[in-house]
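Numbers restart at 1 for each chain; the letters A, B, ... are given by sequence-line order, proteins then strands.
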Protein chains: 2
Amino acid sequence: MGKVTIRDVAKHAGVSVASVSYVLNGIDKITEETKQKILNSIRELDYKPSITARCLSSGESKLIGICLPITEKGDIPGDLLENNPFFSEFISGIEFVTRNKGYDILISGFDRNMRYKDWIQSRRIDGLIILGVYPKTIFEEISSINIPIVLSDAYEEYASEFHRVMLNDELGGYMAARHLIDLGHKDIAFVSGSIKNSYINKNRYQGYKRALKEANIKLNKNLVYEEHVTFNGGYRIGMEMVKSRCEATAVFAAADIMAIGIMKSFLENGCRIPEDVSIIGFDDIKFAQYTVPGLTTVKQDIIMKGRVSAEMILSDLKNNQRTNHSVLLQPELIVRGSTASIK
Amino acid sequence: MGKVTIRDVAKHAGVSVASVSYVLNGIDKITEETKQKILNSIRELDYKPSITARCLSSGESKLIGICLPITEKGDIPGDLLENNPFFSEFISGIEFVTRNKGYDILISGFDRNMRYKDWIQSRRIDGLIILGVYPKTIFEEISSINIPIVLSDAYEEYASEFHRVMLNDELGGYMAARHLIDLGHKDIAFVSGSIKNSYINKNRYQGYKRALKEANIKLNKNLVYEEHVTFNGGYRIGMEMVKSRCEATAVFAAADIMAIGIMKSFLENGCRIPEDVSIIGFDDIKFAQYTVPGLTTVKQDIIMKGRVSAEMILSDLKNNQRTNHSVLLQPELIVRGSTASIK
DNA sequence: ATAATTAATTTAACCGTTTAACTTAAGCAA
DNA sequence: TTGCTTAAGTTAAACGGTTAAATTAATTAT
């Protein structure tokens, strides 16, 4: 079983392999009668065409590659999917689109040894989706790859030759700060990863500043914190705020995972949320619903990001061309219990 | 680029394709001199052998398939990876092992239409790892598949013809209950999914009962709750307990995700953890560290489960045989802040 | 010196498809 | 009847590797 080939079918049906191939591919060259004979043989022998052979012949692998960054900083070295809690949602989104189109997805770590290039070539990957943020040298590296490529969150100028799917991070930052301002807060801390090195953080920060300006609140640089975008990073910052008797009445953390770390350190120090301090996050990871109180946050629809990415790839593949589109998704404010009016 | 074949290399080096193939496969037949010539050409032309072609010729696809259940009950229909928070860890474990052995992993939903069988045949998957629990008819279905298969958490008698990787759930249940008993608790609730339909829950329940018996505590059936293994399932049970003024001083939830739901409903109702009630979970999902207080739990090493699964497959593949081993992993008690001595 | 052995390399068949090009037979017009 | 189209198949060459068998060259034994 599993070993029956197109020749077996042809022999069984008493026709040539070409005829079998033609009915398999819906090429209208075969009489209804012969066609039925062939379909019968296929059924009887439980024949399944080999995608491998098809790929060799057609040049298409029907494989979409997904590259994830391998971070050594993660809790578990080499842990691919858990480093960033929404990689798995992103992948689900991709899978949702590709599933019924005959494509499979292949996942690889994206390490500095550039093994991924071998991988793409040797597996003859049809399209590539790259998650996460990488140093700029990467763009030169991948520009020699001759398949449709989608980058997520690549704001850089020189990334414009690829497909891009992004979030309106500036607006998200604005919405978060605006929400806190509307609740009466004036001393609003901003917490994120490196603002210099990441356009994501930079844009969210811009949005934050715009909201402050609009409300005539002077930016207080002492309330801007940068740390690793991890639970522990947030926890450390929370501790620092508590110890330094930080005057902020509200905190905008540009990542839920950091917001949750901050919340934990606040709560452990007897600081009540939202009575003493409001916290808003960003992303709306699943766990944002599970905290006590629930985490108010700016949602980005990661599943949609995955779907859009896959659709851009599939569209290029279908039309047999390489285009480059940018899709900008819009954020959404999700209000839960962690924010409240200032006393 | 990406289009250079073994024939190009052969021509460039002035040898036959066979010679190139032999040095590629490390077959010791070629003079050092010729070998260097060939290696030079490979480098110069940036040649990468096509795995597809290799697969066709050798019959191996170097692909490991992973089947995940597609649950319609999940928050997001068709959301593959988020339904169960440790699928992604499991996959990371598998990927960790296969990464440097030249294997890639392919992920598919495991739906009742049995599309996965076509998938295995047409992709010529070399080995299969099945996650999650399925109705017993599945076992007949998959027994006709002629590749090494690993089942996770399949305790059923008729699953013994496959590789299995399991956790000592009974011991885990015992450890959880024992921990609470050691803290002085006597009224200990047990919360899980269906005990009848799942060996996992059944075994954890057995362990719980063994610990009670050992401590001469009479089993109180009123303290046994069954619900969906989701955050909301736990939340509903928590509400029910609060409303019915449940006499339990401690709760053992046989899944962290439920424990977290229970915690949330307790905390929202002014019930303090661990002062008023202790809670222990099971699994040690990542978020168990992030709750306030941190969730005491029985850890199962999911990454290890993934690694072991992959190793069983790879071992069979290497030795070109189909064996069937069972690996029983041991749980570990992780004490955090959600459990404390009874007042 | 010749035959036998061994080492290095090449030839060609094969893996399972697709598809361009070819064949055959039937249908139709003049 | 002859020639031209068209429909329905078939043949055979690709696709890019692997590998058994054949070939050639070099070495050793007799």
Side-chain angles (χ1 to χ4, degrees), chain A residues 1-39 41-42 45-63 102 118 120-126 320, chain B residues 1-39 41-42 45-63 102 118 120-126 320:
Chain A
M1 75 133 279
K3 289 265 173 196
V4 22
T5 76
I6 198 171
R7 274 168 243 278
D8 299 322
V9 175
K11 194 183 292 172
H12 186 271
V15 297
S16 73
V17 293
S19 298
V20 179
S21 179
Y22 288 138
V23 342
L24 239 33
N25 293 291
I27 291 167
D28 188 26
K29 253 190 162 187
I30 307 294
T31 8
E32 192 55 32
E33 195 196 335
T34 318
K35 189 173 165 181
Q36 288 308 328
K37 245 188 342 192
I38 292 172
L39 288 176
S41 300
I42 289 178
L45 300 177
D46 190 30
Y47 164 72
K48 300 279 150 53
S50 154
I51 298 185
T52 307
R54 245 181 206 172
C55 166
L56 189 55
S57 166
S58 70
E60 288 184 304
S61 62
K62 297 285 181 183
L63 247 25
D118 300 12
I120 290 163
Q121 283 187 43
S122 57
R123 282 279 182 202
R124 302 295 192 262
I125 304 284
D126 287 340
N320 196 29
Chain B
M1 75 135 279
K3 288 267 176 196
V4 22
T5 75
I6 198 171
R7 278 165 238 277
D8 299 323
V9 174
K11 193 183 290 171
H12 186 273
V15 296
S16 74
V17 293
S19 297
V20 179
S21 178
Y22 287 139
V23 342
L24 239 33
N25 293 291
I27 290 167
D28 188 26
K29 259 189 164 185
I30 307 295
T31 9
E32 192 54 32
E33 196 195 333
T34 318
K35 190 173 166 182
Q36 287 309 326
K37 247 188 344 193
I38 293 172
L39 289 175
S41 300
I42 289 178
L45 301 177
D46 191 29
Y47 164 72
K48 299 279 151 53
S50 155
I51 297 186
T52 307
R54 248 183 203 169
C55 166
L56 189 56
S57 157
S58 69
E60 288 183 302
S61 63
K62 296 284 179 184
L63 247 26
D118 300 13
I120 291 163
Q121 281 187 45
S122 58
R123 282 279 182 201
R124 304 292 193 262
I125 304 283
D126 288 339
N320 196 28

Rounded to whole Å, please give me the gap between CG in A:D8 and C1' in C:dC15.
13 Å
Atom NZ of A:K29 and atom P of C:dT18: how far apart are they, to the nearest Å?
14 Å
On the side chain of B:R7, is there an atom forming a donor-acceptor pair with the base of D:dG16 - under 3.5 Å, no angle test?
yes
Rounded to whole Å, the CD1-P distance (B:I38 to D:dG17) equals 14 Å
Does any non-hydrogen side-chain atom of B:L24 lie less than 4.5 Å from one of B:I6?
yes
Starting at CG of B:L39, measure out to CD of B:Q36 and round the result to the nearest 0.5 Å.
5.5 Å
Interatomic distance where OH belongs to B:Y22 and P belongs to D:dT19 [whole Å]:
8 Å
Whole angstrom value for the distance that separates C1' of C:dG16 from OH of A:Y47:
7 Å
Using a 4.0 Å heavy-atom cut-off, does A:K48 contact any base of the nucleic acid, only the sugar-phosphate backbone, or nothing at all?
sugar-phosphate
Students often get this wrong, so: under 4.0 angstrom with heavy atoms, is B:T34 touching a base, only sugar-phosphate, or nothing?
sugar-phosphate
So, taking the atom named NZ in A:K48 and the one named CZ in B:R124, what distance separates them when rounded to the nearest 0.5 Å?
10.0 Å
Does some side-chain heavy atom of B:I30 sit less than 4.5 Å from a side-chain heavy atom of B:K37?
no
Check the phosphate of C:dA8 against B:T31, side-chain N and O only, distance under 4.0 Å to OP1 or OP2. Yes or no?
no
Just to confirm, is there a sub-4.0 Å distance from OP1 or OP2 of C:dT10 to any side-chain nitrogen or oxygen of B:S16?
yes
Considering only heavy atoms from C-beta outward, does the side chain of A:T52 approach that of B:T52 to under 4.5 Å?
yes
Just checking B:S19: base, sugar-phosphate only, or nothing, at a heavy-atom cut-off of under 4.0 Å?
base
Between B:I30 and A:N25, the residue closer to the 5' end of DNA chain C by nearest nucleotide is B:I30
Can you identify which nucleotide, out of C:dG16, D:dG17, C:dA12, has its nearest atom closest to the A:S50 side chain?
C:dG16
Atom-to-atom span, CG of A:L56 to C1' of C:dG16 - whole angstrom:
9 Å
In this structure, how many angstroms lie between the P atom of D:dG17 and the NZ atom of B:K3, rounded?
12 Å
Output the rounded distance in Å from CD (B:E60) to C1' (D:dG17).
14 Å
